[in-house]
Structure formats: structure tokens, C-alpha cells
A.B. asks: 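Mind having a look at this structure? Questions to follow.
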Amino acid sequence: MKKNKFFALIGLFVLLCFFGCSGKKFLAEGEYYLQKTSIEYDNENRLTKANKGALKKKLPNVQRGNVLGMKWGVFVYERQKNKKKKKGFFYRFFKSFSSTPVLYQSRNADFGKSLLENGLKQMGFFSSQVTYIVKYRKYRAHIIYYVKLGLPTFLDSINYTTHVRTIDDMLPTKARKKNLKKGDRYSLKQLKEERDRIEEKMKNLGYYFFNDNDLLFLADSTQNRHKIDLSLRLKQTTPKQDTLVYKIGRISVFPDHRSSAPQETYAHTAERDGIRYSYNRSLIRLKALGKAIFFRSDSIFQRKVYQQTVRYLSGLGIYNFVNVQFHPNDSSKHIDTNIFLTPSRVSSFRTELGASTNSDGYTGPELTLGYNHQNIFRGAESLNVKLQGGVLKQLGSSSDFDLIYWVGINAGIRIPRIPRFMGWRPRNSPLIPYTTVNASFMRYDFRPLLRINYINSDYGFQWHVNERFRKRLSPIVLSYQQTPQDQESLDSLQGKYPILAQTFRNQFILGTSFNVTYNSTLSSTEGISLYNSFQADFSGNFLFLMNKLFQRKKSEGSFQILGVDFSQYIKFTNDFRLYYRQDSWTWANRLLVGVGIPWGNSKALPFTQQYFIGGPNDVRAFLTRSVGPGSYLPADSVQSFLGQGGDIKLEANTEFRFPIAGFLKGAVFLDAGNIWLKKEDPDRPGGRLNNNFYKELAIGTGLGIRADFRVLVIRADWSFPVHKPYLPESQRWVIKDISFLSKKWRKNNLVFSFSIGYPF
């Protein structure tokens with residue numbers, strides 16, 4: 001009976017929404033919403049997927065903001081437009097959900113037809129024909145364009161000379177290597193890209209005034225209807241200054257420029273390395289500022305030098321605006337350069353308050369206090385200090401851990417340069433290279449059984465090979481893990497949980513890490529983009545080799561440094577992501593594989609280096625550290641909270657992201673993954689990786705809502721498991737048990753997570 005009432009209420013709500021928000025009442029007689037536009041092709045195999053996508057963008061705009069056929073956006077728009085008070089938070093909030101009505105008009109359909117015809121000509125289909133029909137259904141209109149493709153036109157010969165001037169005299173050999181070649185299909189887009197490429201080459205050769213409009217492509221199709229002879233020429237009207245090479249003249253920098261302060265009011269002037277500085281008070285030392293400026297007097301003007309200077313100055317993080325102005329002098333063929341820098345606020349505080357929970361009922365708050373200074377030593381060095389702490393208390397039952405709390409401090413300095421390291425230094429980095437120094441201390445207290453002190457520090461370098469490839473090398477990573485228990489507590493831990501005793505023993509971690517990241521997502525707005533991060537960690541191997549070479553004796557089965565064991569392992573982690581973006585939706589995918597191998601001086605990975613599964617950025621249908629390794633099911637809370645780590649991790653995620661209204665976006669996702677042990681552990685049966693690993697994947701699915709404000713994304717996800725690896729093999733698929741109306745099922749299976757940012 002209760003179920004019938006529930007579904008009746010849902011049905012009534014949908015009907016009210018449909019009739020109340022359909023948008024029909026906002027239309028005049030004879031008006032229709034333009035609901036859809038589409039294209040049907042004849043001989044569509046002649047077009048590539050990219051061609052079809054480009055033509056689709058030329059179609060008239062259609063009505064957006066529809067959910068389940070309801071015009072929510074139009075409904076909000078009509079209500080908001082008649083508001084007398086068009087300001088305030090609530091007005092702006094509801095306006096973000098509004099959608100301006102898009103009505104069908106014949107002139108828009110005709111304009112779309114002409115755009116398609118023009119687009120086909122630009123792709124080399126000169127003899128194509130476009131027609132259209134309009135289908136009406138209730139208050140909605142659907143335009144269908146029919147495209148009859150003609151035969152494509154191909155390039156036959158390509159010549160980069162002219163009867164007026166020869167471009168060969170200006171272009172170097174590399175620039176004359178054409179991206180166009182015989183047999184290519186004619187494409188206006190490719191011709192524009194070739195002109196842009198040549199302009200870029202010329203700008204980097206000192207031709208300051210040269211631009212792509214100085215170039216003219218002439219196409220001759222008189223010899224063959226479907227073949228074109230192409231020639232590139234300088235226009236006869238090209239100004240003389242566009243063909244002259246310019247050099248950098250006087251370089252002036254204004255480090256504390258204000259728009260209201262005229263240049264003449266600066267109190268101090270100084271000159272270093274041919275650069276003149278005028279300022280009242282400079283945030284940064286002039287020597288450090290000069291390292292971010294790559295212009296040199298009397299050197300040939302190069303656009304890439306200008307771009308690198310702007311990127312470096314912006315990357316310092318202490319300027320709101322970087323404005324580079326050029327003042328050419330035709331008589332001397334020199335360009336005076338003025339660099340205006342507007343300082344920003346260099347220090348800030350932040351506070352983060354949250355709450356966490358896990359599968360054993362531990363719940364409690366956590367607090368983070370942060371301080372950041374972007375110019376701590378007046379060389380654009382960034383200092384980051386973070387204090388954090390939290391408490392977890394188990395409610396409703398008793399366990400070995402009555403109370404868990406942690407407190408810690410992290411401090412890091414990022415220096416915008418890299419010193420020479422053994423004669424090596426990255427060159428021509430498009431973005432600022434950094435030296436980083438970090439140190440942290442964390443205290444974990446699992447009362448009354450276990451306490452851990454963890455000290456970590458690292459010294460490393462980060463630089464970009466190009467705008468997509470970034471590398472990071474930390475030649476020194478030093479950590480110390482201490483468990484300050486009395487001997488009786490340690491013996492108890494060793495007797496009850498031998499593998500945990502190995503994981504939490506006092507030990508040094510001394511090693512090296514290397515990371516290389518490829519990221520094309522920042523430069524791709526549509527289509528496929530990729531992200532891949534590979535991390536390699538090595539610890540204790542050099543110390544182990546030294547002990548072997550000097551034939552030092554082991555103490556209690558292990559080599560030691562300063563009387564303390566040191567960890568020895570190798571660890572590789574690869575995070576691959578693929579995004580496919582189209583219009584306003586995104587299909588995001590991730591595959592993460594990690595392998596850690598303890599050997600030599602270690603029988604297990606340190607706790608901080610183990611892999612875990614579950615949580616809001618992982619397999620979301622399972623709580624943090626509540627799955628694995630393998631099919632292992634913990635017998636008590638100690639094993640559950642501390643023992644569910646592994647040496648091997650496999651995780652796969654797929655998520656479809658779509659717009660709802662305004663800044664609100666939705667998502668449907670599927671997550672799968674687990675962790676495993678490299679060797680068998682009698683205390684964690686079923687944890688070792690085996691050939692049937694795919695049967696031990698934790699799988700979950702769910703829905704999410706995101707408030708995407710561009711600079712900040714607030715995310716809420718509701719998920720539930722469909723495959724539980726810790727159940728008997730015949731019972732692991734739990735799809736048949738799903739019952740959203742059951743309070744007991746929701747309590748045991750439905751997981752809500754609230755986070756900042758996208759999961760991947």
C-alpha cells in the first residue's frame with residue numbers, strides 16, 4: 001500500500017511539472033519552439049567525423065534547458081523577465097537556470113542552409129546541394145537538412161613563389177616545408193592553418209609587423225574540375241615594414257605599476273643586465289625578476305620570447321596583470337619594450353571544516369587551517385603552511401579502537417628556479433621550473449592500542465618539457481615512521497596481527513621518486529583529450545647495496561641505519577584518463593594501475609605507501625578503506641581500519657556528465673576496482689592476486705549532482721554496490737537485492753559522498 005502511494009505521488013508530481021512547465025502557454029498563435037535540427041547525408045562516407053562535427057556547429061541554435069520534455073529554463077526565464085527588482089542573490093541564482101526561448105523562424109532555417117553550403121565549399125565539396133524540410137509536432141519544430149554531396153576537390157600542385165616578390169627570400173628552409181601536400185582534399189581550414197604557421201615562423205625571425213593577411217593563396221582549377229593548382233604569394237599591397245626584420249631596443253620594466261599612477265611618479269630607477277627598472281617599491285628583488293624576462297637589447301624580435309616572458313612573469317604568482325607593450329621605430333628598425341606589472345595580494349589564510357565516516361561506524365569532524373605567502377623571501381618563493389587535525393569516535397558498538405585522532409603540520413616552499421644539479425638543468429621550459437622543499441609531521445593515535453608518528457621530507461624539481469608534458473624529480477625523499485608503544489603493546493600487536501606489526505614497525509624510508517605527466521585536457525574543448533601520469537618510487541635500494549658491498553651484518557633479520565630498520569621497495573603507479581567532450585556533455589574515463597614490491601630489507605610496504613580502495617574519489621559505492629585486499633573480509637575493527645591495504649591496485653571508472661540547468665550538472669557513473677597482496681598472508685585469506693582477480697572487483701554505480709562554478713566545483717554523489725568481492729563467490733552479484741524503497745537496504749548499501757572538485 002505504501003509503495004502504491006509513493007508511485008502515485010511521483011506520477012502526480014511529473015504530470016504537474018509537465019503541464020505547468022511545458023512552455024506552451026508562453027507561445028503566441030502560430031509560434032513553435034525550435035526543438036531539434038539534424039542533417040541527413042547522401043554519400044556521407046565522403047565526410048570524416050570531424051567534417052560532420054564542423055557542419056553540425058553551423059546549424060541554428062535550438063531550445064536548451066529541457067528536462068523530461070519540460071521547459072524549465074523557459075519557465076524560469078518568463079518568470080524572471082517580469083521581475084521589477086532585477087538584482088540580488090536570488091535573482092542571479094534563478095537567472096542561472098533560465099533559458100531564453102528559441103523560436104522557429106524561416107529566415108533562420110534559410111540562414112542555416114546557406115551556412116551549410118558555404119561550409120561544404122570550404123571542405124572542397126563545391127558542387128553539393130542542400131535542401132530542408134520542417135516537421136511540426138504540437139508546439140515543437142524540427143528542421144531536417146538534406147545534403148547531397150558532390151565529388152571532392154583535391155590539391156594537384158603547390159607552389160610558394162610569386163611574380164612580385166619571392167617568399168623564398170624571407171622564409172627559411174624549415175618554414176618552406178609545407179604542411180600541405182599533393183593529393184590532399186581541398187580545405188579552407190587547412191589553408192588558414194598553413195598561413196598561421198608561416199606567420200608564426202616569420203614572427204620568430206624578427207618580422208614584427210608580418211601577419212597572415214600578407215599572404216594570398218591562389219587556386220587554379222581550369223586544368224581539371226576536381227583538382228586545384230595552389231600557389232602562395234605575398235600580396236602586392238604588402239607594406240614594406242611587414243618585410244623588415246626588427247630588433248629589441250630599450251627594455252623598461254615597471255614592477256609596481258598602478259593604472260592611476262603615471263610613469264613619471266616612480267621614485268627609484270635601476271639598471272641590471274640591460275634592463276631599466278622604474279618603481280616606488282618592488283615586491284621582488286630585481287635580480288630574481290630579471291630571470292623571468294627573456295628580452296635582450298639588440299637581439300632579433302621573436303614572438304616565442306614574448307610568450308615565454310609573459311608565461312614566466314604570470315607564473316610567479318605575485319602579479320595580477322602582466323602587460324607587455326611594444327613601440328617600434330621604423331627608422332632604426334628597433335622595438336622599445338615596456339613591461340607593466342600590477343602586484344597582487346601575496347598572503348592569504350584559509351579554513352576547511354569537514355566530517356568523515358567509515359564502514360565501522362567511526363564518525364567525527366576534521367579541521368584544516370592554511371596559510372600561503374607567494375613571496376616569502378622577495379624572490380617569488382611560495383610558502384605553504386597547513387595545520388590539520390581530526391577525531392573519529394565509534395558510535396553504537398565497542399572495538400579495539402575506542403577513539404581515533406590525528407594532528408599534523410605540513411610546510412612547503414616552492415622556488416621559481418632550478419639550480420644546477422650534477423651539471424644538469426632543464427632548458428627552454430615553456431613554463432617556470434620550480435625547486436620544491438617539503439616537510440611534514442603527522443601523529444595518528446588509535447586509542448588505546450596503537451600510536452604512530454610520521455615525519456616526511458622531500459627535495460625535488462618540477463619542469464615542463466612543453467605545454468603538455470611535465471616532469472618531476474625528487475632525488476631525496478626521507479621519511480621516518482615511529483610507533484612509540486611499550487614492549488607489551490608491541491608484543492600484543494605482533495601476536496594478534498603479525499603483518500600489521502611489520503607494516504607499522506619503526507623504519508626509515510630513504511629513496512627517490514620520478515613523475516611524468518601528459519595533459520592535453522587544458523587545450524581541448526571538444527573531442528578526445530588525454531591525461532596520463534606515471535609515478536615511480538624507489539626506497540632503500542641504495543642503502544641495501546651499500547650494506548651488501550661493505551658486508552655489514554643484519555640486526556634481527558634486517559639492515560639498519562642509526563639503529564633503525566629502513567624500508568626497501570619499488571613502486572610504479574600509472575593513472576590514465578580519457579575524456580570525450582561534445583557540446584555541453586562529457587564522457588570521462590579512468591584506468592589506474594599500481595604495483596608496489598617490498599623486497600630485501602622489507603616484508604611489507606609501509607602503511608603510508610600501501611594502496612587502498614573506496615571513497616568519494618575512488619570506487620564511490622564503498623566507503624574509504626572498506627574493500628580488499630582481494631576477497632578478504634576483516635574479522636574485527638583493527639583489521640578493517642588498518643589491514644585493508646595492498647601491494648597491487650586496479651581501478652576503472654567511467655562517468656557521463658551532462659548539463660541540467662545553469663551551473664548545475666548531472667552525472668551517471670560506474671566504478672570498479674580492488675587491491676591485492678603480492679604474497680599470501682595467513683592473517684588476510686583471499687588477499688593474494690590470482691588468475692580470477694576479475695571476479696574480485698568491487699563494482700558500484702550511481703548518480704551525482706555538481707554545482708560547477710568554474711573556479712569551484714561542489715559535488716554530491718549517491719551510489720550503491722552491485723558486486724561485493726568479500727561475499728561468497730556465488731553471492732557477490734547483489735543487483736537482485738536492490739530495493740530503493742527499503743529503509744534497511746538503503747542504510748546498508750546507499751552511500752552518499754560530498755566533495756570538492758571532480759573525482760577525475
Side-chain angles (χ1 to χ4, degrees), residues 17 21 53 56-57 61-77 79-80 87-102 348 350-356 368 370 468 517 519-531 533 575-590 592 615-621 651 653-671 700-719 751-760:
C17 287
C21 304
K56 186 178 178 181
K57 291 180 180 179
N61 292 329
V62 298
Q63 184 64 57
R64 302 288 184 183
N66 305 320
V67 181
L68 300 176
M70 296 168 275
K71 302 292 183 295
W72 290 101
V74 173
F75 180 81
V76 175
Y77 172 85
R79 291 288 182 267
Q80 289 292 102
K87 59 182 180 179
F89 170 78
F90 288 103
Y91 175 79
R92 293 194 300 271
F93 176 80
F94 285 107
K95 186 179 180 181
S96 66
F97 291 91
S98 67
S99 177
T100 306
V102 179
S348 62
R350 72 180 186 277
T351 302
E352 297 176 12
L353 179 64
S356 60
T368 300
R468 295 186 175 185
T517 300
N519 187 0
S520 67
T521 62
L522 299 177
S523 58
S524 301
T525 56
E526 284 200 354
I528 294 176
S529 58
L530 303 175
Y531 171 93
S533 177
D575 183 355
F576 173 77
R577 305 176 190 181
L578 184 148
Y579 302 88
Y580 182 74
R581 295 181 176 90
Q582 193 67 39
D583 294 331
S584 55
W585 58 263
T586 301
W587 182 28
N589 303 272
R590 174 172 65 181
L592 188 148
N617 297 314
D618 213 306
V619 183
R620 284 161 278 188
E651 179 191 345
N653 315 81
T654 185
E655 180 172 285
F656 180 74
R657 301 165 185 168
F658 54 89
I660 296 178
F663 57 80
L664 276 187
K665 302 183 186 299
V668 181
F669 56 84
L670 179 69
D671 304 321
T701 187
L703 302 169
I705 293 179
R706 291 89 169 88
D708 190 342
F709 302 104
R710 295 188 180 181
V711 296
L712 175 68
V713 177
I714 301 174
R715 171 168 57 95
D717 291 319
W718 291 264
S719 54
V751 176
F752 170 74
S753 58
F754 181 82
S755 303
I756 303 298
Y758 286 105
F760 55 91

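Throughout, numbering of the chain's residues begins at 1 and tracks the sequence. Computation of the quantities below employed the complete heavy-atom set of this structure, encompassing side-chain atoms and omitting hydrogens, waters and symmetry-equivalent molecules.
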A.B. asks: Could you state the interatomic distance from CG (L703) to CG (D717), rounded to the nearest 0.5 Å?
C.D. replies: 9.0 Å
A.B. asks: Please examine the side chains of L530 and R468, heavy atoms only from C-beta on, and report whether any two atoms are closer than 4.5 Å.
C.D. replies: no
A.B. asks: Quick check: are there more than 12 heavy atoms from other residues, nucleotides or ligands sitting under 6.0 Å from CH2 of W718?
C.D. replies: yes
A.B. asks: At their closest point, which heavy atom of R715 faces which heavy atom of N617, and how far apart are they?
C.D. replies: NH2-OD1, 2.6 Å
A.B. asks: Between Y531 and T517, is the side chain to side chain contact (heavy atoms under 4.5 Å, CB included) condition met? List the steps.
C.D. replies: CA-CA 7 Å; Y531 171 93; T517 300; 3.6 Å; yes
A.B. asks: Could you pull out the closest heavy-atom pair between S719 and R620, with the gap in Å?
C.D. replies: OG-O, 2.9 Å
A.B. asks: Do I756 and L712 touch side chain to side chain, with heavy atoms closer than 4.5 Å?
C.D. replies: yes
A.B. asks: Distance only, no hydrogens: is a donor on one side chain within 3.5 Å (strictly under) of an acceptor on the other, for N653 and E655?
C.D. replies: no
A.B. asks: Identify the two heavy atoms, one from F658 and one from A667, that lie closest to each other, and give their separation to 0.1 Å.
C.D. replies: CE2-N, 3.6 Å
A.B. asks: Excluding sequence neighbours, so at least two apart, what forms side chain to side chain donor-acceptor pair (under 3.5 Å) with D575?
C.D. replies: R577
A.B. asks: What closest approach, in Å, do G700 and A621 show between heavy atoms, and which atom pair accounts for it?
C.D. replies: CA-CB, 3.6 Å
A.B. asks: So how far is it from D708 CG to I660 CD1, rounded to the nearest 0.5 Å?
C.D. replies: 11.5 Å
A.B. asks: With a 4.5 Å limit on heavy-atom distance, are the side chains of N589 and F760 in contact?
C.D. replies: no
A.B. asks: Within the structure provided, determine whether Y580 and W585 are in side-chain contact (heavy-atom separation under 4.5 Å).
C.D. replies: yes
A.B. asks: Which heavy atom of R590 sits nearest a heavy atom of D618, and at what distance?
C.D. replies: NH2-CA, 4.2 Å
